[in-house]
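Presented below is the structure to which this report refers.
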Amino acid sequence: MTTLLGNSLKLLLVSSPLGALGSGSGGGVELTLRNIATELVRRGHSITIVATQGSTSWGMPLVEIAGSPQISAQTQGRDAPTIIPASSVLANFWDYVRQVQTDFDLVVNFAYDWLPFYLTPFLKIPVAHVVSMGSLTEAMDEIIERVAIECPGTIGVHSLAQAATFPFANHCRYLGNGIDLSVYDFCAKPSPWLGWVGRIAPEKGLEDAVAACQLTGIPLKIMGFLQHKDYWQQILQDYPTAPIEYEGFLSTAELQKCLRECRGLVMTPRWVEAFGNVAIEALACGVPVIAYRRGGLVEIIEDEKTGFLVEPDSVSGLVEAIGKLDKIDRYACRQRVERDYSTTAMGDRMEHWFQDIVSK
Ligand code: UDP
């Protein structure tokens with residue numbers, strides 16, 4: 001079959017080893033993988049997904065593999081060693097890749113883990129690596145750089161800010177990201193509350209959004225996977241009177257229903273957010289984003305037009321921006337995603353990247 005750019009590809013998409021697809025434990029990687037897979041199928045490519053047992057298939061061919069999950073890299077220090085647990089699901093994924101590699105044109109790796117990078121030169125098939133986080137450990141920087149040099153053009157990143165955290169920034173391919181706009185409804189007239197969406201984990205800085213809502217008295221709806229229970233309990237203890245409500249971890253359909261009603265989305269990352277899927281999900285609904293001037297968010301949000309970029313870690317900066325939310329034209333937010341972050345725009349970037357790798 002022939003697609004826009006050439007022959008249709010047989011792609012093996014290997015998921016993150018943090019947990020089952022649909023559980024939320026993989027963070028933004030889950031939605032990213034789903035959107036890439038759906039868009040490439042629409043373009044006539046053939047997709048098989050390899051993921052942890054118990055994953056959602058989204059109607060696509062899925063190979064479920066059992067095993068113990070990896071520890072997420074963002075919980076480790078810079079000099080953390082590479083750890084592979086007994087019965088590792090990650091090792092089992094790549095054992096499967098080795099066995100079936102001759103049936104595919106390209107493997108796409110979504111794991112931010114040492115093993116898939118290390119194994120790349122040992123395989124007969126090329127591997128495209130979708131790198132989902134910035135620089136976190138020396139061991140990861142070293143192994144990704146080795147692949148960037150030995151297999152040029154195979155390291156993909158979501159933002160220039162993410163690439164800049166690595167010593168090999170010039171070897172990275174910019175991919176951005178994209179979402180299916182038909183899934184997100186535009187909401188012209190919001191409700192009075194604000195939203196916060198993400199994994200509840202220290203690197204996401206939720207306490208600053210809670211502090212800002214305590215100061216303004218504006219309610220905050222919190223949506224997301226409860227990854228660090230102690231961290232959440234500490235926030236509840238530190239801000240007992242804050243007007244917050246936890247909605248739980250929602251499906252994309254439920255998430256957009258709650259999110260689109262928000263006056264604004266508050267994003268308070270302590271780390272360099274590689275991209276920030278939830279920013280484009282909010283903008284797609286017409287919800288302006290107030291975010292710390294950090295990481296990929298700086299490339300997504302146009303200050304004073306689709307939201308506000310605030311000095312990092314400044315709660316008073318958040319409060320000031322909340323006071324200016326009504327100045328934002330919600331339709332301009334939706335248009336930003338239509339132009340730059342649709343699945344069509346993202347699919348073009350992905351398809352060119354895959355064809356470039358396969359044709360080498
Ligand atoms: N998300 C979700 N349900 C929720 C809250 C969040 O499905 O209730 C998803 C959201 O769609 C996004 C992901 O969680 O894809 C968070 O990704 P992001 O890139 O913002 O951050 P990450 O977790 O990768 O650091």
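Just follow the structure's listing: the first ligand is 1, and inside any ligand the first atom is 1.
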Strictly by modelled atom types, are [X] and [Y] linked by a side-chain donor-acceptor pair under 3.5 Å?
X: W196; Y: T268; answer: yes
X: T344; Y: E39; answer: no
X: E145; Y: H171; answer: no

Atom 18 (P) of ligand 1 - nearest protein heavy atom and its distance: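 Its nearest protein heavy-atom neighbour is N277 N, 3.7 Å.
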Look at atom 25 (O) of ligand 1 and say which protein heavy atom is nearest, naming residue and atom and giving the distance to 0.1 Å. K204 NZ, 2.7 Å
Taking only non-hydrogen atoms of [X], do any sit less than 4.0 angstrom from ligand 1?
X: T252; answer: no
X: E30; answer: no
X: E273; answer: yes
X: G248; answer: yes

Just to be sure I'm reading this right: ignoring hydrogens, which of F225, W196, W271, F249 gets closest to atom 2 (C) of ligand 1? Compare them by their nearest heavy atoms.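 That would be F249.
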Could you work out, for atom 17 (O) of ligand 1, the closest of S25, G28, S23 by heavy-atom distance?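 The option holding the nearest heavy atom is G28.
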Can you list the atoms of ligand 1 that are under 4.0 Å from a heavy atom of V197?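 Listed by number with element, the hits are 5 (C), 6 (C).
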Using a strict cut-off of 4.0 Å, indicate which atoms of ligand 1 neighbour a heavy atom of M223.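 So the answer, numbered in order with elements, is 5 (C), 8 (O).
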Hey, could you give me the CD/CG distance between Q335 and L283, rounded to the nearest 0.5 Å? 12.0 Å
Any salt bridge between [X] and [Y], counting N to O under 4.0 Å?
X: K221; Y: E261; answer: no
X: K257; Y: D185; answer: no
X: E203; Y: R270; answer: no

Output field: ring centroids F110/F93 closer than 6.0 Å: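 They do not qualify: ring centres at least 6.0 Å apart.
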For the 3.5 Å polar cut-off, considering only N or O atoms, please tell me whether L250 and ligand 1 meet it.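 Yes, at least one N or O pair falls under 3.5 Å.
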